[in-house]
Protein chains: 6
Amino acid sequence: MTDIWLKSLLTRTPQEGFELAITLSRRGVKYTQPDAAVLQELRSEYANSAEGLTAASQVVAINFQTVAAANDYWRKP
Amino acid sequence: MTDIWLKSLLTRTPQEGFELAITLSRRGVKYTQPDAAVLQELRSEYANSAEGLTAASQVVAINFQTVAAANDYWRKP
Amino acid sequence: MTDIWLKSLLTRTPQEGFELAITLSRRGVKYTQPDAAVLQELRSEYANSAEGLTAASQVVAINFQTVAAANDYWRKP
Amino acid sequence: MTDIWLKSLLTRTPQEGFELAITLSRRGVKYTQPDAAVLQELRSEYANSAEGLTAASQVVAINFQTVAAANDYWRKP
Amino acid sequence: MTDIWLKSLLTRTPQEGFELAITLSRRGVKYTQPDAAVLQELRSEYANSAEGLTAASQVVAINFQTVAAANDYWRKP
Amino acid sequence: MTDIWLKSLLTRTPQEGFELAITLSRRGVKYTQPDAAVLQELRSEYANSAEGLTAASQVVAINFQTVAAANDYWRKP
């Protein structure tokens, strides 16, 4: 990919970190399937499947581990 | 999302940390499927499936790793 | 939940730590499905499925990582 | 369980650590399904399934992370 | 394999690190199935499956944890 | 097992570390199913399945985390 979408893992708040984890999870998908129309269709599929949503939440959890460690868990206010 | 739901990863006790891990797991789902009615329906589905419950417990375990590390495992009383 | 079930991640021995990891895994399930009768039925289902047992063992392994780190791997006797 | 099966995570060599990881994985199963006859039958099932074997290998990999960290990766000879 | 494809885990930016994580994930597949024609066919299969894409994204997330840790999370600009 | 197959987690290069991660993944399978003929047959099965290959790549990724940490990510040239 030629566009720059990830400049830093540092975020101001844990919530922004969680949202970055979601971005990372979606990008992981997009590198494999870059076609936006296909993604849109598949998205509506797993967004209505209990199993698909749990699997998506697991990828977010793994990426959130990375982002949280990068930010030293936002321990300092 | 515009509401603030995650201000800190720090909790007073391990149990509160575990409950935060559950919140994180559910939020991971909610970002993908924001429709509360759909979520409610799917929830009753996987809450009655052995496989679904184990998968949900796994996401909680991964998020609990993050929360526990953030709190230095609540080692100091 | 109002009952206190998790006061500390520290255990005296690795085996007690492993057993705490099992408790954490089951609690992860119980927060999603609090009904004991449903849990009992589902339990007998996955306890007789190779796939279900391996998945359960994986959740235990993830929680054991957390408990073991909390106890600094019980390195000091 | 009343028998003592896990006294330490420390092993002399990485290979012994890997074998301890296998023990941990099997114990994770045994706590859920203590009946040896049922386990034997299920074992022959997943030992002949590509998916089952990969899943078992994944649990071993997760437990090996724990054992390897406990032993500081056997860096010192 | 005789070709050299992985000289370092260090990258200049987080995004390059993410792309290295994708390379690692694909290599993990290629060691098991080296036949490029088979890979191409299977790729079009899972690239059009919600479940397959989520699973692929999960492997990327795990490898990204490794690459990010290696780079100390690109904390220093 | 009586043969010695794992003497150290240290490797000279990241690529050798990745290949060690593959060895660990295969050994995890072999401890469960030691019969080489059965393994060969199952291998050709999952090597031709998108899902099976992704699952195999995930186990490699987990083992690579361990090997990379053991080698301090090969940071020093």
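Just so we're clear, the structure is a prediction, and the values are computed from it rather than from any experiment. Naming convention: chains lettered A, B, ... in sequence-line order (proteins, then strands); numbering from 1 in each chain.
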Report task. Find the distance between CZ (C/Phe18) and OH (D/Tyr31) and round it off to the nearest 0.5 Å. Result -> 6.5 Å
Query raised in the report: Distance from D/Leu9 atom CG to C/Gln15 atom CD, nearest 0.5 Å?
Result: 11.0 Å
**Report entry** Partner residues of C/Ala47 under the side chain to side chain contact (heavy atoms under 4.5 Å, CB included) criterion, sequence neighbours left out
**Finding:** D/Thr32, D/Gln33
Report task. Provide the full list of salt bridge (Lys or Arg N to Asp or Glu O under 4.0 Å) pairs with a residue in residues 45-54 of chain D, sequence neighbours left out, each pair given once. Result -> none
Query - Distance (rounded to the nearest 0.5 Å) between C/Trp74 CH2 and D/Leu10 CG - result: 11.0 Å
**Report entry** D/Ala69 portion near chain C, given a 4.5 angstrom heavy-atom threshold
**Finding:** both
Query raised in the report: Considering only heavy atoms, which portion of C/Ser44 lies under 4.5 Å from any heavy atom of chain D: side chain, backbone, both, or neither?
Result: neither
Query raised in the report: So what's closer than 4.5 Å to chain C heavy atoms on D/Leu39: side chain, backbone, both or neither?
Result: side chain
Report summary line: From the list D/Gln58, D/Lys7, D/Arg43, the residue making the most non-hydrogen contacts under 4.5 Å with chain C is D/Gln58
Query - D/Ser8 portion near chain C, given a 4.5 angstrom heavy-atom threshold - result: backbone
Query - From CA spacing to verdict: side chain to side chain contact (heavy atoms under 4.5 Å, CB included), C/Tyr73, D/Thr66 - result: CA-CA 8 Å; C/Tyr73 304 98; D/Thr66 309; 4.1 Å; yes
Report summary line: So, the part of D/Val29 with a heavy atom under 4.5 Å from chain C: the answer is both
Report summary line: Of D/Ala56, D/Ala70, D/Gly28, D/Gly52, the largest count of non-hydrogen pairs under 4.5 angstrom with chain C goes to D/Ala70
Report summary line: Shortest non-hydrogen pair, C/Ala61 vs D/Asn63, comes out as CB-OD1, 3.5 Å
Requested in this report: Pick out which of C/Ile62, C/Val60, C/Thr54 makes a side-chain contact (heavy atoms from CB on, under 4.5 Å) with D/Val59.
Outcome: C/Thr54
Report summary line: Between the CZ atom in D/Arg27 and the OG atom in C/Ser57, the distance rounded to the nearest 0.5 Å is 12.0 Å
Query raised in the report: Checking heavy atoms, do the side chain of C/Ile22, its backbone, both or neither come under 4.5 Å from chain D?
Result: side chain
